[in-house]
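Model, not experiment: these values are computed from the prediction.
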Amino acid sequence: STHAIEGRGPDGPLLLPAARRGAGPGEFAGIGRVTALAGDSIGVFDGLRTGLTVFDDRGTLARMQRVPAERMGGRQLHGLLADGSLVLSRAYNPMFSREPKLERDSVTYFVAAPDGQTVDSLGPYPGSETFVMGTAEFSSRRGRAFGRVAVIVVRGDDLILGSSDRYELEIRGGDEDLRHALHLRA
């Protein structure tokens with residue numbers, strides 16, 4: 001389920017109380033990512049409610065952090081910078097398509113400060129290839145097998161950006177300054 005989480009230790013005792021679907025504190029609409037945070041806390045990102053919920057090492061709700069919502073397309077969390085800022089992008093393309101097709105949208109990443117306010121944006125960058133399965137009534141998107149893929153890694157104060165079809169990586173600070181460009185040989 002993308003609505004609930006439950007944490008258990010190696011011996012089986014419940015460490016994180018089961019969270020459930022809902023709009024209240026510790027409740028979720030669509031869990032997109034669960035990640036370990038500093039101080040043994042656990043972060044749970046809800047892309048539909050556009051927020052990060054943090055539980056301490058005992059499973060107690062520590063805080064909730066909201067970010068500005070995308071009108072359509074949800075949010076995807078890529079990681080947290082050392083200061084607690086979130087690195088996000090639009091989760092999916094909400095445009096309907098009646099015909100099957102291969103598409104590659106661009107992606108813009110943005111940094112939201114711990115208080116939820118957008119600080120900066122990076123991009124656009126080439127996005128990942130997606131196959132659109134479309135009919136007159138329905139369309140759905142899936143990543144293309146062995147297709148071109150956008151890559152972003154968040155580590156400390158650095159963002160490492162690249163694409164599987166270019167032989168280079170950019171290392172940028174959370175302030176968007178280019179710190180290093182690495183060009184690889186084919």
Go through Val44 and Phe28 one step at a time and tell me if the side-chain contact (heavy atoms from CB on, under 4.5 Å) criterion holds.
CA-CA 9 Å; Val44 181; Phe28 303 99; 3.5 Å; yes
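- Distance check: Met64 CE to Phe55 CZ gives 8.5 Å after rounding to the nearest 0.5 Å.
- Within the model, atoms CD of Glu170 and CG of Asp158 stand 12.5 Å from one another, a figure rounded to the nearest 0.5 Å.
- A salt bridge does not link Arg75 with Asp46: every distance from a Lys NZ or Arg NE/NH1/NH2 to an Asp or Glu carboxylate oxygen is 4.0 Å or more.
- Inter-residue side-chain proximity for Leu88 and Tyr109 is flagged as unmet; no heavy-atom pair is nearer than 4.5 Å.
- At a threshold of 4.5 Å between side-chain heavy atoms, the hydrophobic network of Ile, Leu, Val, Met, Phe, Trp and Tyr places Val111 and Tyr125 in one connected group.
- Ser128 and Ala150 get closest at one heavy-atom pair: OG-N, 2.9 Å.
- Annotation: the span from Phe45 atom CZ to Ile31 atom CD1 amounts to 11.5 Å, rounded to 0.5 Å.
- Counting heavy atoms from C-beta on, the side chains of Arg172 and Leu161 come closer than 4.5 Å.
- The line from OG1 of Thr50 to CG of Leu86 is 10.5 Å long, rounded to the nearest 0.5 Å.
- The closest side-chain heavy-atom distance from Arg144 to Leu102 is below 4.5 Å.
- To the nearest 0.5 angstrom, Ile152 atom CD1 is 9.5 Å from Ile160 atom CD1.
- Atom CZ of Arg179 and atom CG of Leu159 lie 8.5 Å apart (nearest 0.5 Å).
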Kindly list each side-chain donor-acceptor pair under 3.5 angstrom involving residues 77-85, sequence neighbours excluded, with atom names and distances?
from  : atom 1 : to    : atom 2 : distance (Å)
His78 : NE2    : Ser89 : OG     : 2.8
Asp83 : OD1    : Ser85 : N      : 2.8
Asp83 : OD1    : Ser85 : OG     : 2.9
Asp83 : OD2    : Ser85 : OG     : 3.2

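- Of all heavy-atom pairs between Leu61 and Pro25, the closest is CD2-CB, 3.5 Å.
- Judged by distance alone, the side chain of Thr130 and the main-chain N or O of Arg142 form no donor-acceptor pair under 3.5 Å.
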Derivation of the side-chain contact (heavy atoms from CB on, under 4.5 Å) call for Arg90 and Asp105
CA-CA 11 Å; Arg90 182 180 69 190; Asp105 286 337; 3.6 Å; yes
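- A heavy-atom distance below 4.5 Å is found between the side chains of Glu103 and Arg141.
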side-chain contact (heavy atoms from CB on, under 4.5 Å) assessment of Leu37 paired with Val54
CA-CA 9 Å; Leu37 302 174; Val54 177; 3.9 Å; yes
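- Surrounding CZ of Arg166 are at most 12 heavy atoms belonging to other residues, nucleotides or ligands under 6.0 Å away.
- Under the side-chain contact (heavy atoms from CB on, under 4.5 Å) criterion, Arg104 pairs with Pro126, Glu129, Arg148, Ser163, Asp165, sequence neighbours left out.
- Within a 6.0 Å radius of CZ in Arg66, other residues, nucleotides and ligands contribute more than 12 heavy atoms.
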Trace of the side-chain contact (heavy atoms from CB on, under 4.5 Å) decision for Met133 with Phe131
CA-CA 6 Å; Met133 298 167 275; Phe131 182 72; 3.4 Å; yes
